Amino acid sequence: MLREALISLLKTLFPDGQVREETQYPELLVPNTRWLEVATTLRNHEDLHLDFLISLTAVDYKDKFTLVIHMESTSFRHLLVVKTDLNDHENPVVDSLSTLWPTAGFHEREVYDLFGIRFSGHTDMRRLFMEEGYGFPLRKDFSDESRVLTLS
Amino acid sequence: MSEAVIRDIIVSESDDYIINMGPQHPSTHGVLRLEVSLMGETVKSVTPHIGYIHRGIEKMCESDSYQQIIHLTDRMDYLSAHMNNEAVCLCVEQALQVEVPERVKYIRTILDELTRLSSHQLWWSAFGMDLGALTTFFYGLRDRELILDIFEESFGSRLLHSFNTPGGLMHDVHPNFQKSVREYLKYFRKKLPEYKQLLTDNVIFRQRTEGVGVMNREMAISYGVTGPSGRGSGYSCDVRKIAPYSAYPLVQFEEKLQTAGDSYARYLVRMDEMWESMHIIDQLIDNIPAGDFTAKMKPVLKLPPGEYFQRVETARGELDVYIVSDGNKTPYRMKFRSPNFSNLFVLNELSAGGKIADLVAISGSLDLVIPDIDR
């Protein structure tokens, strides 16, 4: 789908979301309470059909976390970035998308391992790379002086 | 490691017969532990345990300059070192809106394809060896060695080149580069039919791989399986076609697809890709334009605040680099979407219900490189 058509369709489908147009790919920011619902629409809508979840990751902005999904449609070849903000920095929780994409479950485990964001509805919420009890290294307030060296 | 974790590893709660394949098993090609739950010889489920060589590359990137990051990316998928470097370079160049010289684009693409060729050769060698055909290892390594010689001549290193730098290349290629590559292609065109004779048409090999680990197109997409493994299921996912970069828009090549989705189909895709790689190099090697090997760059690179995303096709699938910049000389957040990470987790689905010997064939046909999973 063409970029303009995609943007106008997103605006009509998600009136409570914010669409950013000036970025590399169209971006959609939605409230975290509607995370699963929005993802379901994006995946199943016949004109969007965003069936390939490229990556699911997070960014720590110190006062909030932002979840970022890059997804592509294998039939129309348009790419969309979907984001949601998690304002609870201590104990962030959001719905899991592992029922929609099996690959999302493993990306979510990685995000949990690195950021400590929990995904409700995930059947296997264990650490992926590091052992239980280790901190969440990609949080900006993480410190481990004995093992993490800052290079300059 | 806490006591509870150790207890979990030793005593499984279920009554299944559990075998740990790895972390030091030869067929895992690295430190990967597969917890295989068995019923007799039949696999009930496979749980991958990863993280044995997690080095925190994404964390390290947050305190490194963009030129330094290049050297970390080699260490992810070490068999696609050149493509990993290129992904970061393209992302930084896109952010700074730098147009690299034509010469750089040509050389990068030739090196991409040479790297792909050498990676597929090593995969072919190891895949044959996993299934008990030891000769393939000697054939494959013999031919791969000569590509590494070309790399050594031009970059001084054989495996981890770090030859790309934002804006171009570290230095120009060796004056013999074109001659060496042409000679190599002439040589390997004669050798590749031997691969076919030895393994592709081998009855035992075909019985071990045909109909084993069947992945359909929907499964490939929903698990995010890309690269030759995805194309073996008829899923057209070649980033070189979807979002062409460097000199790929200038060359003619086919995206090789198979529809069967079994281990043999994934094997055939890689064999066809080797011919296709040579075809791409053929079109470029004689017309490398003269000129600079790098664009004019500032010594300290500061990306404008914003988010940048770059897709690159490595030998194993789609590698994406996602940079969040706040305007400093180091990235605020750097994410690598590595192809092997997604490809690994389809293993359970493919091997459940099959025999334990097929697990080796399936994991071999997915062509996993473990440092790329752990990062």
Side-chain angles (χ1 to χ4, degrees), chain A residues 20 22-25 27 43 49 51-62 66 68 70-75 77 79 81 83 98 100-107 109-111 113-115 124 126-134 136-140 142 144 147-152, chain B residues 1-2 4-5 8 47-56 58-60 62-65 68 94-95 217-226 230 235-237 242-243 306-311 318 320 322 324 326 330 332-333 335-338 341-346 348-349 373-375:
Chain A
R20 287 181 68 196
E22 74 287 356
T23 44
Q24 185 187 1
Y25 299 107
E27 273 184 26
R43 192 190 189 286
H49 196 63
D51 52 349
F52 173 32
L53 183 126
I54 302 176
S55 84
L56 185 156
T57 187
V59 185
D60 182 4
Y61 286 108
K62 288 176 187 153
T66 303
V68 185
H70 290 81
M71 47 169 91
E72 194 194 28
S73 163
T74 54
S75 33
R77 289 293 173 206
L79 203 148
V81 184
K83 293 182 177 179
S98 52
L100 292 173
W101 292 276
T103 186
F106 301 103
H107 282 96
R109 267 183 74 188
E110 188 189 327
V111 170
D113 196 22
L114 301 174
F115 290 93
D124 191 19
R126 286 178 295 127
R127 297 296 291 252
L128 189 62
F129 301 124
M130 279 152 290
E131 69 257 42
E132 291 292 338
Y134 194 73
F136 301 116
L138 281 183
R139 285 192 179 189
K140 291 287 174 186
F142 172 83
D144 183 347
R147 279 188 269 192
V148 178
L149 302 172
T150 30
L151 308 172
S152 56
Chain B
M1 204 182 275
S2 68
V5 176
D8 271 0
T47 315
H49 291 264
I50 59 177
Y52 289 91
I53 35 170
H54 177 68
R55 293 145 293 174
E58 289 175 11
K59 180 75 180 173
M60 277 195 263
E62 288 177 9
S63 56
D64 285 1
S65 74
Q68 289 171 324
Q94 172 208 333
R217 187 172 178 274
E218 281 64 42
M219 200 196 285
I221 295 171
S222 62
Y223 274 91
V225 179
T226 50
Y235 167 33
S236 158
C237 54
I242 302 167
E307 299 175 12
Y308 309 96
F309 190 71
Q310 178 66 45
R311 314 170 74 185
E318 176 171 347
D320 299 323
Y322 173 59
V324 179
D326 57 354
T330 58
Y332 186 75
R333 164 95 172 97
K335 154 87 182 165
F336 297 100
R337 185 265 185 207
S338 63
F341 182 83
S342 301
N343 291 5
L344 165 72
F345 290 107
V346 80
N348 178 38
E349 192 98 7
I373 300 170
D374 284 359
R375 282 162 286 144

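So you know, we letter chains A, B, ... as the sequences are listed, proteins then strands, and number each from 1. Note that the structure is predicted; figures quoted are calculated from it, not measured.
- Residue Glu349(B) does not touch chain A at all, counting heavy-atom pairs closer than 4.5 Å.
- Qualifying side-chain contact (heavy atoms from CB on, under 4.5 Å) partners for Glu62(B), counting only residues two or more places apart in sequence or in other chains: Leu138(A), Lys140(A), Lys59(B), Arg333(B).
- If you measure heavy-atom distances from His107(A) to chain B, the contacts under 4.5 Å come from both the backbone and the side chain.
- Gln24(A) has its side chain within reach of Gln94(B): a pair of non-hydrogen atoms, C-beta onward, lies under 4.5 Å apart.
- Contacts of Arg55(B) with chain A are absent, with no heavy-atom separation under 4.5 Å from either backbone or side chain.
- The two residues Tyr61(A) and Val324(B) have their closest heavy-atom pair at OH-CG1, 3.6 Å.
- Between Tyr235(B) and Phe52(A), the ring-plane angle classifies as perpendicular under the 30° and 60° cut-offs.
- Residues Lys335(B) and Glu110(A) form a side-chain contact, since some pair of their non-hydrogen atoms from C-beta on lies under 4.5 Å apart.
- Proximity to chain B is limited to the backbone of Arg139(A), based on heavy atoms less than 4.5 angstrom apart.
- Contact of the Val59(A) side chain with the Glu307(B) side chain is not registered, since no non-hydrogen atoms from C-beta on lie closer than 4.5 Å.
- With a threshold of 4.5 angstrom between heavy atoms, Thr47(B) approaches chain A through side-chain atoms but not through N, CA, C or O.
- Of the atoms belonging to Ala104(A), not a single heavy atom falls under 4.5 Å from chain B.
- Contacts of Arg127(A) with chain B are absent, with no heavy-atom separation under 4.5 Å from either backbone or side chain.
- The two atoms that bring Ile54(A) and Asp320(B) nearest to each other are CG2-OD2, 2.8 Å, heavy atoms only.
- Pro102(A) and Ser222(B) get closest at one heavy-atom pair: CD-O, 3.4 Å.
- Per-residue counts of heavy-atom pairs under 4.5 Å with chain B were compared for Leu56(A), Asp60(A), Leu100(A); the largest is that of Asp60(A).
- Listed here is the closest heavy atom pair of Leu79(A) and Phe309(B): CD1-CE2, 4.4 Å.
- Contact annotation for Ser236(B): both backbone and side-chain heavy atoms come within less than 4.5 Å of a heavy atom of chain A.
- Of the atoms belonging to Asp113(A), not a single heavy atom falls under 4.5 Å from chain B.
- The parts of Asp374(B) that come within reach of chain A are both its backbone and its side chain, each placing non-hydrogen atoms under 4.5 angstrom from that chain.
- Heavy atoms closer than 4.5 Å to chain A are found in both the backbone and the side chain of Ile50(B).
- Interface remark: Ile373(B) contributes backbone atoms only to the contact with chain A (heavy atom separation under 4.5 Å).
- The minimum heavy-atom distance linking Ser342(B) with Thr103(A) is given by the pair OG-OG1, 3.9 Å.
- Inter-residue side-chain proximity for Val81(A) and Tyr322(B) is flagged as unmet; no heavy-atom pair is nearer than 4.5 Å.
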